[in-house]
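Some notes on the structure that comes next.
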Amino acid sequence: MTHALPRTDFTSSGLTRLLAGLSIVEASGSRQFPAERLGEWLDVAAAITLHAAHSAGGASPRAVPPVVHPGAAVAVEEEFGRVRAALADAITTSCSPAGVGTRIRLPTPKADAAPELAAAYGPYRRFHLAHQAEMEPGIRALRSRVRHALAAASTGLRQLAALDEALDRILAGRERQLLATLPSLLERRFQKLLVAHQQALLASGQADAPDLWMQPGGWLAAFCEELQAVLIAELDLRLQPTLGLIEALQDEAGRR
């Protein structure tokens, strides 16, 4: 038995709402439908590519229309669940100070580290970029396999798969460029929490102790929880196009 996948919402982004809630980006404009800005990303050559994909995706008059197999939607839904669970688990585990068995380890201050050195953001930027590098190939491979399932399901879904492949080629670079700015956006939050921590120490007259930053209630522990939430939201944003394809396959299977 499979669990129903959440319906995609292309008019809002959990990642955008989360960043706005952390006062990292403005909430205004976050509900803008992406199609309204799609034209800004496409040039004439890209439009020609999309038109060719649209024309090639349809079945020829003599072609035998493919048939949706009853288990096709279930199979891709289960694979989607496995891929998402594995990537989400890798994020959650690595964001724990223990991080047992993870390839990407959370940077934490050493007990004898000087506060000014322990408060460097560079290690957290590299941590975020490492997770992005881990997410991308797995999600792209999943999206490709789902497209193959659509292409074998029906004439209309084959056309949708061809359009999605063309859009992916056109927009992949832009997507990568935009998501690469997330670590820099999070640096603002990191610095805001650090300054608040330093001001609290100054007001109380206490000495700083970097080894306590990751204790419950510590400013760095709070940041790492927020970093984990942003990475999970980024994961779901990256998976949205694939989820949309699966929903199309589910709808087609439900009509047959």
Side-chain angles (χ1 to χ4, degrees), residues 1-10 12-19 69 71-108 123-153 157 161 164-165 167-169 171-173 175-183 185-186 214 221 223-250 253:
M1 178 180 294
T2 59
H3 298 285
L5 292 174
R7 304 299 289 184
T8 51
D9 181 2
F10 294 108
S12 65
S13 161
L15 177 60
T16 302
R17 293 194 301 271
L18 178 58
L19 294 176
H69 297 289
V74 174
V76 294
E77 180 181 340
E78 288 178 345
E79 184 173 7
F80 178 95
R82 286 192 297 270
V83 171
R84 188 198 178 279
L87 290 171
D89 183 65
I91 291 169
T92 302
T93 304
S94 69
C95 284
S96 166
V100 178
T102 60
R103 183 180 64 83
I104 306 172
R105 300 296 299 272
L106 182 71
T108 54
Y124 299 94
R125 181 193 305 277
R126 292 190 289 273
F127 177 82
H128 194 146
L129 292 173
H131 272 293
Q132 288 185 328
E134 185 173 76
M135 278 189 249
E136 185 169 347
I139 292 174
R140 288 202 169 281
L142 172 65
R143 187 172 174 179
S144 178
R145 290 192 293 273
V146 173
R147 279 198 294 259
H148 283 303
L150 264 67
L157 291 181
D164 180 73
E165 185 175 10
L167 274 172
D168 191 22
R169 286 198 304 269
L171 300 180
E175 176 189 276
R176 192 176 297 112
Q177 182 183 22
L178 289 172
L179 291 175
T181 65
L182 280 176
L185 289 176
L186 276 176
M214 286 298 293
F223 172 77
C224 289
E225 289 178 2
E226 294 171 357
L227 172 57
Q228 175 181 317
V230 168
L231 282 167
I232 294 293
E234 178 182 346
L235 170 63
D236 287 332
L237 181 67
R238 288 173 179 267
L239 284 167
Q240 271 213 338
T242 305
L243 182 55
L245 295 177
I246 294 174
E247 289 172 0
L249 183 58
Q250 289 172 329

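These numbers come from a predicted model, not from an experiment.
The distance from the CD atom of E136 to the CZ atom of R176 is 4.0 Å, given to the nearest 0.5 Å. Taking CG of L245 as the start and NE2 of H148 as the end, the distance is 12.0 Å to the nearest 0.5 Å. Considering CZ of R238 and CG of L15, their distance stands at 10.0 Å, rounded to 0.5 Å. Between S96 atom OG and I91 atom CD1 the span is 14.0 Å, to the nearest 0.5 Å. Taking CD of E77 as the start and CZ of R82 as the end, the distance is 11.0 Å to the nearest 0.5 Å. Interatomic distance, I104 CD1 to F127 CZ, rounded to the nearest 0.5 Å: 6.5 Å.
Between R84 and I232, some side-chain heavy-atom pair lies under the 4.5 Å cut-off. Contact of the L231 side chain with the C95 side chain is registered, since non-hydrogen atoms from C-beta on lie closer than 4.5 Å. Inter-residue side-chain proximity for V76 and T242 is flagged as unmet; no heavy-atom pair is nearer than 4.5 Å. The shortest distance between side-chain heavy atoms of L87 and V83 falls below 4.5 Å. Put simply, the side chain of Q240 does not reach to within 4.5 Å of the side chain of D236, judged on heavy atoms. Side-chain contact between V146 and E79 is absent, with no heavy atoms from C-beta onward closer than 4.5 Å. Within the 4.5 Å cutoff, the side chain of Q132 has heavy atoms near those of the P183 side chain. The side-chain heavy atoms of E134 and R103, taken from C-beta on, include a pair separated by under 4.5 Å.
F80 approaches L142 most closely through the heavy-atom pair CD1-CD2, 3.9 Å. Between P97 and R105, the shortest heavy-atom contact is O-NH2, 4.4 Å. Between L157 and L150, the closest heavy-atom pair is CB-O, 3.4 Å.
If you look at Y124 and H128, their ring centroids are not closer than 6.0 Å.
Looking at residues two or more places apart in sequence or on another chain, you find a salt bridge (Lys or Arg N to Asp or Glu O under 4.0 Å) between D164 and R143, R147.
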Exercise. Show your working on side-chain contact (heavy atoms from CB on, under 4.5 Å) between H131 and L235 and close with a plain yes or no.
Key: CA-CA 10 Å; H131 272 293; L235 170 63; over 6 Å; no

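Without hydrogens or angle criteria, T93 side chain to A90 main chain gives no donor-acceptor distance under 3.5 Å. T181 places a side-chain N or O within donor-acceptor distance of the main-chain N or O of L178, the cut-off being under 3.5 Å.
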